[in-house]
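The structure appears below as structure tokens.
Every heavy atom of this structure was used, including side-chain atoms; hydrogens, water molecules and symmetry mates were not. Since this is a predicted model, take the numbers as computed values, not measurements.
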Amino acid sequence: MARFLKVRRSWVYQKAEAGLLPCLRVGGLVRFEPEAVRAWARGDRSPPACILPLPRKPNS
């Protein structure tokens, strides 16, 4: 994502954590949907905050 946006990797993570860059959290990882970021870069829509996965239910 940093290469696509031509910025530093730390910038990408800072903006994602601040809710300024559309992202998806998978466990402890931050993932990006390319089309959502392209739309954001074009100014087509404002990014949602990072989407957190639902907590897993404990096995019964």
Side-chain angles (χ1 to χ4, degrees):
M1 195 51 54
R3 190 177 306 143
F4 171 74
L5 295 172
K6 298 180 182 169
V7 296
R8 292 182 181 249
R9 184 185 294 193
S10 60
W11 184 92
V12 171
Y13 284 113
Q14 288 172 351
K15 298 306 178 190
E17 290 295 323
L20 301 174
L21 187 63
C23 64
L24 173 69
R25 283 203 168 271
V26 180
L29 304 174
V30 178
R31 297 290 186 227
F32 302 92
E33 293 181 18
E35 189 52 43
V37 175
R38 285 186 194 104
W40 172 84
R42 288 189 307 261
D44 290 350
R45 60 182 176 162
S46 47
C50 279
I51 300 169
L52 302 174
L54 296 174
R56 292 170 48 160
K57 294 182 181 179
N59 293 336
S60 304

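Looking at every heavy atom in both residues, V30 comes nearest to C23 through CG1-CB, 3.8 Å. Contact record, P22 with F32: O-CD2, 3.2 Å, taken as the closest heavy-atom pair.
Judged by distance alone, the side chain of W11 and the main-chain N or O of K6 form no donor-acceptor pair under 3.5 Å.
Scanning for side chain to side chain contact (heavy atoms under 4.5 Å, CB included) contacts around R38 gives F4, P34, E35, R42, with sequence neighbours left out.
To the nearest 0.5 Å, atoms CE (M1) and CZ (R9) are separated by 12.0 Å.
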